[in-house]
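By convention here, the first residue in the shown sequence is residue 1.
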Amino acid sequence: MGLIHIDLFTTLDGVAQAPGGPEEDTANDFAFGGWQAPLIDEVVGEQIDSGMAGMDALLLGRRTYDIFSSYWPNQRGKIAELFNRIPKYVASRQSPHLEWGGSTLLGPDTVAELRELREKHQNVHVIGSLDFVQTLFAERMFDQLNLWVYPILLGSGKKVFADGVVPTNLRLIEPVVASPKGAVMQRYALVEGTPGVGNMAEIDQAESQ
């Protein structure tokens, strides 16, 4: 069975809106579109490239699909070649016309569709797609969360965990990577069960004996 990866770029205060450019998503008069660009360096680029190894399908929300489909078909390079070649699956409540080659609209039963994608592909990546990602968090329908955290605070904008999430365990599966400009890459796997609780006073008492 294949894996569903969620790839997100976020600020320290959890804002993930429009990291790529000023016009990417201006909802609610967001003034910091393109906030990621000044913080890109060689390590960030290397980690983004390595994170795409084995990717054999894209799974996108409608807004991110529109952004990608207007940009990547006109680009060259490894990422463009990959994105243009592999299948693209789009989650939308509407019935958009999908012009990007290899694009398919998911049906209304999202959970069932995602199970089918796991049977068809080895590594399905969700990039951006903040609204759709909330559904994946709520349904625990992902296998790996790849999170780049950048050393800035914006105070406003769409958040990674905008609607809250169900209690979920994650496990760090690779050493954390920090870039020269302060971005930190964290890769987590979904783990069964819900977070446990304890009593710090009891732990302190046990350690003092």
Side-chain angles (χ1 to χ4, degrees), residues 4-41 44-45 47-48 51 58-75 79 83 88-100 103 105-108 110-111 113-114 124-142 144-168 170 179 181-188 190:
I4 294 177
H5 304 250
I6 297 176
D7 302 334
L8 291 173
F9 306 103
T10 176
T11 66
L12 274 172
D13 57 336
V15 175
Q17 183 172 348
E23 305 302 321
E24 184 175 314
D25 183 357
T26 59
N28 302 317
D29 298 321
F30 185 64
F32 294 99
W35 54 262
Q36 182 188 17
L39 297 168
I40 293 291
D41 55 33
V44 171
Q47 287 294 310
I48 291 174
L58 274 173
L59 174 58
L60 305 170
R62 171 65 189 280
R63 181 186 292 274
T64 300
Y65 174 84
D66 288 344
I67 294 169
F68 278 27
S69 64
S70 66
Y71 179 79
W72 288 112
N74 305 312
Q75 305 302 311
I79 295 178
F83 285 1
K88 277 75 67 175
Y89 299 93
V90 185
S92 176
R93 296 184 179 89
Q94 301 175 342
S95 300
H97 180 60
L98 307 179
E99 298 183 351
W100 194 7
S103 299
L105 182 66
L106 295 182
T110 303
V111 173
E113 293 273 6
L114 295 179
V124 181
H125 282 250
V126 184
I127 301 176
S129 307
L130 279 179
D131 292 338
F132 176 53
V133 162
Q134 305 310 312
T135 299
L136 300 181
F137 286 146
E139 299 291 339
R140 292 170 56 97
M141 285 300 297
F142 69 97
Q144 187 168 321
L145 174 61
N146 307 312
L147 196 64
W148 266 113
V149 181
Y150 289 79
I152 54 174
L153 304 171
L154 294 181
S156 64
K158 297 178 182 178
K159 300 294 185 69
V160 172
F161 305 112
D163 300 323
V165 292
V166 297
T168 301
L170 300 172
S179 79
K181 291 188 177 181
V184 178
M185 176 64 189
Q186 305 163 64
R187 289 188 170 95
Y188 295 97
L190 179 67

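Between Lys158 and Asp25, at least one side-chain N (NZ, or NE/NH1/NH2) sits under 4.0 Å from a carboxylate O, which counts as a salt bridge.
Residues Leu190 and Leu145 form no side-chain contact, since every pair of their non-hydrogen atoms from C-beta on lies 4.5 Å or further apart. When side chains are defined from C-beta on, Leu98 counts as touching Leu105, because their heavy atoms get closer than 4.5 Å. Here the side chains of Tyr150 and Ile40 are in contact, with some heavy-atom distance below 4.5 Å.
Of all non-hydrogen atoms in Gln17 and Thr26, the two that sit nearest each other are NE2-C, 4.2 Å. Of all heavy-atom pairs between Leu114 and Met141, the closest is CB-CE, 3.6 Å. Between Lys159 and Gln134 the shortest heavy-atom distance is O-NE2, 3.8 Å. Of all non-hydrogen atoms in Phe137 and Val166, the two that sit nearest each other are O-CG2, 3.7 Å. Taking all atoms of both residues into account, the shortest heavy-atom contact from Pro151 to Lys181 is CG-O, 3.5 Å. Closest non-hydrogen pair, Arg62 versus Pro96, comes out as NH1-CB, 3.1 Å.
Test Thr64, Thr110, Leu60, Ile6 against Phe132 for side chain to side chain contact (heavy atoms under 4.5 Å, CB included) and you get one pass: Thr110. Of the residues listed (Ser103, Ser92, Ser129), the one engaging Tyr65 in a side-chain hydrogen bond (donor to acceptor under 3.5 Å, both in side chains) is Ser103, and it is the only one. The residue from Val160, Leu153, Ile152 that alone fulfils the side chain to side chain contact (heavy atoms under 4.5 Å, CB included) condition with Asp13 is Leu153.
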Start with the C-alpha distance between Val15 and Phe32, add both sets of side-chain angles, then the distance that settles side chain to side chain contact (heavy atoms under 4.5 Å, CB included), and finish with yes or no.
CA-CA 10 Å; Val15 175; Phe32 294 99; over 6 Å; no

Please assess Tyr89 against Val126 for the test side chain to side chain contact (heavy atoms under 4.5 Å, CB included), listing each intermediate value before the final yes or no.
CA-CA 10 Å; Tyr89 299 93; Val126 184; over 6 Å; no

Report the C-alpha distance between Tyr71 and Phe83 in whole Å, list the side-chain angles of each, state the deciding distance to 0.1 Å, and finish with yes or no for side chain to side chain contact (heavy atoms under 4.5 Å, CB included).
CA-CA 11 Å; Tyr71 179 79; Phe83 285 1; over 6 Å; no

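For the atom pair Phe142 CZ and Ile4 CD1, the distance stands at 10.0 Å (nearest 0.5 Å). Atom CD in Glu99 sits 10.0 Å away from atom CG in Asp66 (nearest 0.5 Å). Separating the CD atom in Gln144 from the NE2 atom in His5 is a distance of 5.0 Å, to the nearest 0.5 Å. Atom CZ of Phe68 and atom NZ of Lys88 lie 11.5 Å apart (nearest 0.5 Å). Put simply, CH2 on Trp148 and CG on Asp7 are 12.0 Å apart, with the number rounded to the nearest 0.5 Å. Atom CD1 of Ile67 sits about 12.0 Å away from atom CD1 of Ile127, to the nearest 0.5 Å.
Counting non-hydrogen atoms of neighbouring residues, nucleotides and ligands closer than 6.0 angstrom, the CG atom of Asn28 reaches no more than 12 such neighbours.
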